[in-house]
Colleague: 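Here's a structure for you.
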Amino acid sequence: MSRLSRLAALALKELKVVLLDRRARTTLVLSPIVQLLLFGFATTLEVKAIDIGLVDRDGGRAAQEMVAALDGSPNVRTLRNYHSEAALDEGIARREVIAGLILPQRLSADIAAGQGGEVLALLDGRRSNAAQIVGGYLGQIAQRAGAELRPAVRGPPQAQVQTRHWFNPNLDYLWFTMPAMIAVITAVLVLSVSAQSVAREREFGTFDKLMILPLRPHEILLGKVAPAFVVGVVNCLIYAAAIPLLYGVPLTGSLALLLLAIVVYSMSLVGLGLMISCLAGNQQQAFLGMFFVTVPLILLSGYASPVDNMPAWLQPLVAVNPTHHMIVISEGIFLKDLPGDLVLKHLLPMLAAAVVTFTMAWTLFRARSE
Amino acid sequence: MAGNALLDLDGVGKRFASPGRGAPAMQALQGVGFVLEPGRIMGLIGPDAAGKTTLLRICAGLVVPDAGEVAVFGDSVARLDRSRIGYMPQSGALYAELSVLQNLTLYARLRGLSRELWDERIAHLLDLTGLAPFTRRAAGRLSGGMRQKLAMACAVAAAPPLILLDEPSVGVDPLSRREIWQLARDLAGPETGIVWATSILDDAEQCDDVLVLHEGRREYFGAPAGLAEFAAGRCWSTPVPAENRRRVLRAALEQPTTIAGRIDGGEVRLTLRSVADQPPALGEGAGSAWRERRPHVDDGFAWLLDDASVLKPSAVAAAFPQIAANPDAPAAIEAIGLGKRYGDFVAVNDVSFSVAPGEVFGLLGPNGAGKSTTFRMLCGLARPSAGHGRVAGHDLTTASAEARQALGYMPQKFSLYADLSVAANLRFVAGAYGLAGAHAKEAIERAVENLSLGAFWQLSAGTLPLGVKQRLALAAAVMHAPRVLFLDEPTSGVDPLVRREFWHHITAIADRGVAVLVTTHFMDEAELCDRLLLISQAEAIAHGTPEQLKQQALAVRTAGATLEDAFIALIAAQRERIRAEAA
Amino acid sequence: MSARGATAAVMAKEWAQIWRDPSTIGLVLVLPLLLMFLFGSAVSLDTTATRTGIVDRDRSAASRDLVAAFARNRYFAIQEAPAVEPLARAMLADEVRGIVVIPEGFGRGLANGRPRDIQMLTDGAQPNTAAFIAGHARGLLATWSAARLGERGEARPPVLQINARYRYNPGLRSRYTLVPGAIAIVMAMIGTMLTALIVAREYERGTMEGLLASPIPVPLLVAAKLFPYFVLGLAATAVCVGVAIVAYDLPFRGTFPALLLISAAFLSAVLGQGLLISAGTRNQFVSTQFALLSGFLPSLLLSGFLFEIDSMPQPIQYLTYIVPARYLIPPLQSVFLTGDIWAIFWPNAAIMFGFGAFFFWRVTKAIGRTIA
């Protein structure tokens, strides 16, 4: 009874220290809001408003159709004419246009003669992702222009691919980003709170006072879990509400399961944060330690780029990364109504990570508490 | 108006905006003026938050006053040539991770000393400060006394004609304080003026002039003797047997006629409110052979700042259960051959002592001598390399967490949570000591009532004035009525008014049967202890009552009669012995 | 004369502090290596073989041939199943990203000129991958159909065909885009993070009072504090460029003086930004948080290296104009992949130096001459 009340007093103190601190509040309030808006609006995979260059050596009907098709495309912002291939190349180098088309001299004549015409497209490979997408657009535009030039030419009907995107019919990128954001922001917040916890006591000189109180090491550590925990869970709830409301992402699965996952996930992160905090001598080191851990955690989670694309030798690191598992669970619960057994499959590695990191934090804390 | 005055201030005022949640805006200074002539040392004295730091910063051009005229070197402070002042901020402004030499070089060059001059000047400064053997040591790893000397050397690196020192002797032992004073005099040329801000009244006696600040106003400006003169005819003393002294002093301080008091040699010495008052009759066991005494600066200071308040019997102590005196009771604190090494460095070597219930035991010694390490080993904060310590029957390095329940601890540095309110801090500590519900509420209310913290209840601990912070720290240390109390320099940096109140509580708590272990650099506080242990260079070099220490000092050399003289003589004797052994 | 000595003294002090704190060195050496490794090896937008299920309900010669074509294609790692259900479950469990269903009568339909469409089901929860495999499946089917027509002499070449050539990055490797972006992040981090700490630390520890009480003019003080970190930033950039060229075989087609110019311009902007944060907050913890929010995140998201600025909503586009990294990415990508394009370098460098000058002026104002 008395031990429990001590723990409660400790947890309450830790909570107040974090929540009453004007400085911590900037992290806890400002940073999630900025990230929610910034990520929500800035992360887009679409490529719109592109500038295209044109070298027209043909001057015939094919060129007119091509220009008309380019004008008709909603993604093309401006069309610039260049007098030579070299000038176009220079324009690409100076980033005046992202891509340019070179219409060869006999294009219209060849097409009129019933032959196929080939148009050379130069694209700016410095922006690899955008260039690839623009390449796709240009193919479609050429097809449309071709159909105008020779409407009758259609071969025997061919089998087509009917695509259906499950869980996200319009392939809205936000539907992916937002559920993943829960995992990412929780990582950033929980780690910054917990990484500072012990280091802050050391730097502000409250550590000795804490050690002289009749508290056991594991109680002190458990007390430090409280604020990180509250931060993690409260954020999850806010995001779970804000994401469907602001961005229209459906929440198809069980909120309770999501909360459970966040609890386990936060535990694994708190353990990690406390480890950093026990090792750090001052706040600056704790902060840098936190940064050095958070960045790989996020970049190896499947958030920045698909896990499938990572080399095989990095996959074991992904498999032990709690953020990766949390993203899978969050995506699953938001979009896929993920069944409980599959949630469990990703919950267990996070639980294991929590146990390991806590044990290590406890050992470090005892070793460094003198 | 003096033609060549270094400083000439007239009607200076400064107001600061509210420092934080709930705290009011503060009038730091109001209508302050003074003149500093070349070749003089001016003491700037006053309690916490009197405006000393603000006034120094105004003289250094770091704070712009709202009102009044400030002339430095006969010209407006706005056109101040900063290379001609040596300002030592309270923090010392040392770079803790940089070496002694790096710090000195930085400030020498910053103040515009040229290459040819600076080597010579630095060598001279190192020589004067005695820091020459430690040039490569990081400033953060120096002892408190050495750090202050280094900070002063940095401030005066370019031999400026005006030196402004903000509490250079705070937290420093008597020996180092003497050295710091000597250093200041060595550094000052015949034309140099020094402003020395302090809350330690012994410093004031050494100054040519003193300016007493209180709540931002000038209360006195003139020679120290003039300050002492305020208390003429009000100072009395009487011999009292050792076992009664503390109780007698406490009873005297609770009289409405008494402003201040202390133990001086074998006597209780009081400052009375009025020349018409007679020293109180203190009942049996107390002496009644009152003699009038020559007033000191601290007597005059106490009279000048007297707000007509009367110390009440310590309610903090009343909350402790009375532990019956029992001569057979086991020691409450025991150190048996305690030793601590860090690599090759011996921090504490074979220190043994014991403290009985009801005893106030003082640990004295120069900065860095090993007092704090001894303290930390007994509390279980550091693991001894040799010997062991016991507190209330437990070895705290191995005992369970519950054993720490018997212990109250007040660290040297304020160590409560600055962002939490007074209420939240106390609630946390109560909870950590296992007090819950009505018990916790009662204990907190009692602490708040007894230490007059009610007005600060909702304020963040970090924004409190120093004296209130110390009261809060004491409240946190005694809330659970521990049987053993550890106080590590509880009055460091605190003004005389708060120190008096503090010791009033400490001695009363000890009389309830609590064992108190305390470290201090103030010899008037050491006089209040039952027994003292003097630690120097990791060794215990003297042990006994204050009177016994003075006797031991007389045995090694002829010294003055005060405890401070004894302190210095005993350490000097140890140094000579070490030098002789080495030779 | 004395001002120069004082400036040199502050600079020497900064260097001494840097050498004494291992975490600073960590930031300069470890952070570049870590970020280069992550962006060079871990983060990749190049889709490789995607695990895809396939259900052949037809089991005709044509359908078997199509399945074989999928199995041969380098973008697909095929896993065949008798029915959709087990694959649907596998998709839930992230084991496949798409399912191709060849309908019954596919072969017959092709033969009698009434072809039946195949179905591609994707995991929309991974929109990037979903879009890629849907596109690849379309391409594969078109090629396969054309090849079959060709075998029967019925080939119909398209009227207009695009022959795409990717300049500066013929293999269209995402690493070529990501690694220069990572360098920008490293510089932004060193610039804002490190400097965000340095003035705040002086205020927190009370050493600022000592500096302000000395005769050194504030602009010189700021410059002296800045310079060592400028050098560190350049050193970190050098580490990054070395790793990019040696370990990740990025081409370096520009010249080093050009690289130096744009790095110096960017560093002047972010160092100034960090110092301003530091002088404004006077608190290390808040400083680092602001540095993270105003330095790291915008450099990652609003600089145009991951997401196209032109495709962002208009208000966000305006916001990118005050992100210094926006002006760094184009010259940095060019100096690696294209060469010295001074038409890109000069205006961007000028804007970044402009930011630097503005921040420097603001810092000088913020520090002022007084303490309170």
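The sequence lines fix the lettering, A, B, ..., with proteins before strands; numbering per chain opens at 1.
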Colleague: What pairs with C/P170 under side-chain contact (heavy atoms from CB on, under 4.5 Å), at least two apart in sequence or on another chain?
Modeller: none
Colleague: Who among C/Q119, C/R114, C/R148, C/R116 has the most heavy-atom pairs with chain A under 4.5 Å?
Modeller: C/Q119
Colleague: With a 6.0 Å cut-off (strictly less than), is the heavy-atom count around CZ of A/R77, excluding the residue itself, greater than 12?
Modeller: yes
Colleague: So, for C/F307 and A/A42, which heavy atoms are closest and what is the spacing to 0.1 Å?
Modeller: CB-O, 3.6 Å
Colleague: Flag the one option from C/R173, C/M189, C/Q317 with the top tally of heavy-atom pairs under 4.5 Å to chain A.
Modeller: C/M189
Colleague: Could you check whether atom CH2 of C/W342 has more than 12 heavy atoms from other residues, nucleotides or ligands sitting under 6.0 Å from it?
Modeller: yes
Colleague: So, the side chain of C/N163 versus the backbone of A/L120: is there a donor-acceptor pair under 3.5 Å, distance only?
Modeller: no
Colleague: Under 4.5 Å, counting heavy-atom pairs only, tell me which of C/I118, C/N169, C/L337 racks up the most with chain A.
Modeller: C/I118
Colleague: List the atom of C/D117, the atom of A/Q160, and the distance in Å for their closest heavy-atom pair.
Modeller: OD1-N, 2.9 Å
Colleague: So do C/L160 and A/E65 actually touch side chain to side chain, heavy atoms under 4.5 Å?
Modeller: no
Colleague: With side chain to side chain donor-acceptor pair (under 3.5 Å) as the criterion, how do A/S128 and C/T177 come out once you've worked through the C-alpha distance, each side chain's angles and the decisive distance to 0.1 Å?
Modeller: CA-CA 6 Å; A/S128 59; C/T177 304; 2.9 Å; yes
Colleague: May I have the step-by-step check of salt bridge (Lys or Arg N to Asp or Glu O under 4.0 Å) for C/E308 and A/K48, ending in yes or no?
Modeller: CA-CA 8 Å; C/E308 285 295 309; A/K48 295 186 289 203; over 6 Å; no
Colleague: For the interface with chain A, which of C/L302, C/L319, C/T338, C/L172 has the highest count of heavy-atom pairs at distances below 4.5 Å?
Modeller: C/L172
Colleague: Hey, are A/R95 and C/D310 close enough for a salt bridge, meaning a charged N less than 4.0 Å from a carboxylate O?
Modeller: no
Colleague: Under a 4.0 Å threshold between the charged nitrogen and the carboxylate oxygen, would C/E95 count as salt-bridged to A/K345?
Modeller: yes
Colleague: In the structure I gave you, are the side-chain heavy atoms of C/L92 and A/F167 within less than 4.5 Å of one another anywhere?
Modeller: yes
Colleague: Compare every heavy atom of C/A137 with every heavy atom of A/V161, then report the nearest pair and how far apart it is.
Modeller: CG2-O, 3.9 Å
Colleague: Are A/D89 and C/R167 ion-paired here, with the side-chain N under 4.0 Å from a carboxylate O?
Modeller: yes
Colleague: Report, in residue-number order, which members of residues 137-144 of chain A are under 4.5 Å from chain C by heavy-atom distance.
Modeller: A/L138, A/G139, A/A142
Colleague: Is the ring pair C/F296/A/F291 parallel, tilted or perpendicular, if the boundaries are 30 and 60 degrees?
Modeller: perpendicular
